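What follows is a set of notes on a single structure, which appears directly below.
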Amino acid sequence: MKKDFLAVSDFSAKEIKEVFKLTSDMKKGKLKSQPLKNKAVACIFHKPSLRTRISFEVGIQQLGGSSYYITRDEFKLGKKDDPEKREWFYDGAKVLSRMVDLIVIRTYEHSGVEELTKYSDIPVINALTDLYHPCQILGDIFTIWEKRKKIENISIAYLGDGNNVCNSWLDAASIIPLDLRIGTSAETFPDKGVLKRAKESKISKVNLTDNPISAVKDADVLYTDVWASMGQESLYEKKVSLLRKFQINTELIRHAKKDCLVMHCLPAHRGEEITDQAMDGKNSVVFDQAENRLHIQKGIILKLMRGFKREK
Ligand code: CP
Ligand code: NVA
């Protein structure tokens, strides 16, 4: 298995099932040992975070380990000759590899995190980049699996911006059979490379449409995210005008299955991509989803740590 978890597809479908089993056992309180006892985790955050940061920090503590919050002031990605750097991140990665057992990082450039995995002698977990948000989507698939007792061929309508969360759904669709419909505008498409890989894998049905009603028709899951992601604040007005018709609201939910699950990774901009009624309505599972971030982080950490042997 891979050392790092930067994308959902870094786990095989079989490994994902194993993560779900671990997660479910821990959620039920079946794990009595403290597998991270005497282990330390560096949690590097270059963007704000409530759910991801706290679920990692609390999860690490529950597993018996300790976490250390690191900001851009202490650890920055970037070129060797960047004048604003404190040190080249190669050196920082080598130092962290000797002091801690795992790195969790949330930042902007995905390529920087890929480079970090090469310099680190310990596993790295992607806690969100501009390209992917894999821990989120693994937690969301776990939530669907808990609610529906299956995941294969579930119809998921993702509505809104073709961002990191949308890309991670596509990435998941390249290893797990899904019926993935993406309702978005031509100008807010997901990453072309990720979309191509998802389609070429032929594992899932993948369809993009600019018609929100056809995207959600008889769907099992309606999913959305903010229209302007962290770092894209200057695009906010443009995205709002492009994506307004993809709002999840009571009227749109009527076109999906009666018992559909309404999901949002949060934070939500209520009244924009989702209405209060949709978010607080009977189909909504947004807070179960948020809680499961805690459980899945522990499953991901445990799976990676069990599969990793430090080279002497
Ligand atoms: N869903 C999510 O990742 O939330 P945070 O940005 O608060 O971590
Ligand atoms: N797409 C959002 C997700 C936040 C959890 C962002 O990147 O800001």
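Predicted, not measured: the structure shown is a model, and the values here were computed from it.
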Practice prompt. Please test K303 against E15 for salt bridge (Lys or Arg N to Asp or Glu O under 4.0 Å), starting from the C-alpha separation and ending with a verdict.
Written response: CA-CA 8 Å; K303 181 76 191 146; E15 285 162 353; 5.5 Å; no
Worksheet item: What do the steps show when you test L170 against I182 for side-chain contact (heavy atoms from CB on, under 4.5 Å), and what is the final call?
Response: CA-CA 9 Å; L170 282 166; I182 297 173; 3.7 Å; yes
Worksheet item: After noting the C-alpha distance and the side-chain angles of L131 and V194, does the key distance pass the side-chain contact (heavy atoms from CB on, under 4.5 Å) rule?
Response: CA-CA 9 Å; L131 186 65; V194 179; 4.1 Å; yes
Practice prompt. Give the C-alpha distance, both sets of side-chain angles, the deciding distance and a yes or no for side-chain contact (heavy atoms from CB on, under 4.5 Å) between S67 and Q61.
Written response: CA-CA 7 Å; S67 64; Q61 190 209 16; over 6 Å; no
Fill in: Stepwise side-chain hydrogen bond (donor to acceptor under 3.5 Å, both in side chains) check, N163 with D225
CA-CA 9 Å; N163 60 16; D225 183 15; 2.8 Å; yes
Worksheet item: Which is it for E291 and H295 under the side-chain hydrogen bond (donor to acceptor under 3.5 Å, both in side chains) test, yes or no, and what are the steps along the way?
Response: CA-CA 7 Å; E291 180 194 322; H295 305 297; 2.8 Å; yes
Worksheet entry | Verdict with reasoning, T143 to N292, per side-chain hydrogen bond (donor to acceptor under 3.5 Å, both in side chains) | CA-CA 7 Å; T143 303; N292 276 337; 2.9 Å; yes
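There is a side-chain donor-acceptor pair under 3.5 Å between E272 and Y236. Looking at S55 and Q297, their side chains do bring a donor and an acceptor atom within 3.5 Å of each other. T188 and D161 are not linked by any side-chain donor-acceptor pair at a separation below 3.5 angstrom, with hydrogens and angles left out of the test.
For the pair D218 and K257, the salt-bridge criterion is not met [side-chain N within less than 4.0 Å of a carboxylate O]. Note on D130 versus K47: salt bridge recorded, some NZ/NE/NH1/NH2 to OD/OE distance being below 4.0 Å. With respect to E87 and K76, no salt bridge is recorded, no charged nitrogen being found less than 4.0 Å from a carboxylate O. Taking 4.0 Å as the cut-off between side-chain N and carboxylate O, D91 and K85 do not count as a salt-bridged pair. A salt bridge links R53 and E57; the closest N-O separation between the charged side-chain nitrogens and carboxylate oxygens is under 4.0 Å. A salt bridge is absent between E74 and R86: the closest approach of a Lys/Arg side-chain nitrogen to an acidic carboxylate oxygen does not fall below 4.0 angstrom. Between E251 and R254, at least one side-chain nitrogen of the basic residue sits less than 4.0 Å from a carboxylate oxygen of the acidic one, meeting the salt-bridge criterion. A salt bridge is absent between D25 and K27; no separation between the charged side-chain nitrogens and carboxylate oxygens falls under 4.0 Å. Using a cutoff of 4.0 Å between basic side-chain nitrogens and carboxylate oxygens, D121 and K94 are scored as salt-bridged. Ion pairing between a basic and an acidic side chain is recognised when a charged N comes within 4.0 Å of a carboxylate O; D171 and R197 show no such pairing.
Ring centroid separation for the pair W169 and Y223 comes in under the 6.0 Å cut-off.
Both L266 and I274 are members of a single hydrophobic cluster when ILVMFWY side chains are connected at heavy-atom separations under 4.5 Å. Hydrophobic cluster membership is shared by I176 and V19, with clusters built from Ile, Leu, Val, Met, Phe, Trp and Tyr side chains linked at under 4.5 angstrom. Neither V100 nor F45 shares a network with the other; the hydrophobic side chains, linked directly or stepwise wherever heavy atoms of I, L, V, M, F, W or Y lie under 4.5 Å apart, form separate groups for each. If you chain together hydrophobic residues whose side chains sit under 4.5 Å apart, I125 and Y68 never meet in one group. Under a hydrophobic-cluster definition in which Ile, Leu, Val, Met, Phe, Trp and Tyr are linked whenever side-chain heavy atoms come within less than 4.5 Å, directly or via other members, M263 and V226 are assigned to different clusters.
Within the model, atoms OG1 of T129 and CG of L6 stand 8.0 Å from one another, a figure rounded to the nearest 0.5 Å. One finds the CE atom of M26 at 6.0 Å from the CG atom of L31 (value rounded to the nearest 0.5 Å). L138 contributes atom CG, which lies 4.5 Å from atom CD1 of I296 (distance to the nearest 0.5 angstrom). From M279, atom CE reaches atom OG1 of T275 across 10.0 Å, with rounding to the nearest 0.5 Å. Rounding to the nearest 0.5 Å places SG of C43 at 10.0 Å from OH of Y69. With rounding to the nearest 0.5 Å, the separation of CG in L195 from CG in L208 is 5.5 Å.
For F189, the CZ atom counts as densely surrounded, since its 6.0 Å shell holds more than 12 non-hydrogen atoms of other residues, nucleotides or ligands. When the shell of 6.0 Å around CD of E84 is examined, it contains 12 or fewer heavy atoms from other residues, nucleotides or ligands. Crowding of K245 atom NZ: a count of heavy atoms from other residues, nucleotides or ligands under 6.0 Å exceeding 12. No more than 12 heavy atoms of other residues, nucleotides or ligands sit less than 6.0 Å from atom NZ of K37.
Under the 30°/60° scheme for interplanar angles, the aromatic rings of F89 and Y119 are found to be tilted.
Although no hydrogens or angles enter the test, the distance criterion places a donor-acceptor pair under 3.5 Å between the side chain of T209 and the main chain of N211. Side-chain N or O atoms of S241 include one that pairs as donor or acceptor with a backbone N or O of K238 at under 3.5 Å. Side chain of N249 to main chain of D276: no donor-acceptor pair is present (N/O by atom type, distance under 3.5 Å, no hydrogens or angles). A donor-acceptor contact shorter than 3.5 Å links the side chain of D4 to the backbone of V124. Checking side-chain atoms of K202 against main-chain N and O of K199 turns up no donor-acceptor pair under 3.5 Å. At least one donor-acceptor pair closer than 3.5 Å links the side chain of E233 to the backbone N or O of G231.
The shortest non-hydrogen separation linking E187 to L242 is OE2-CD2, 3.5 Å. Residues L22 and G299 share a closest heavy-atom pair of CD1-O, 4.0 Å. Taking every heavy atom of both residues into account, S229 and N164 meet most closely at OG-OD1, 4.0 Å. The shortest non-hydrogen separation linking C260 to N283 is O-ND2, 2.8 Å. The two residues I137 and S168 make their nearest non-hydrogen contact at CG1-CB, 3.3 Å. Listed here is the closest heavy atom pair of S97 and R310: O-NH1, 2.8 Å.
The list of ring pair (Phe, Tyr, Trp, His ring centres under 6.0 Å) pairs with a residue in residues 127-148, not counting sequence neighbours, reads F20-F142, F20-W145, H110-Y132, F142-W145.
Cation-pi geometry between K239 and W227 is not satisfied (NZ or CZ under 6.0 Å from the ring centre, within 45° of the ring normal).
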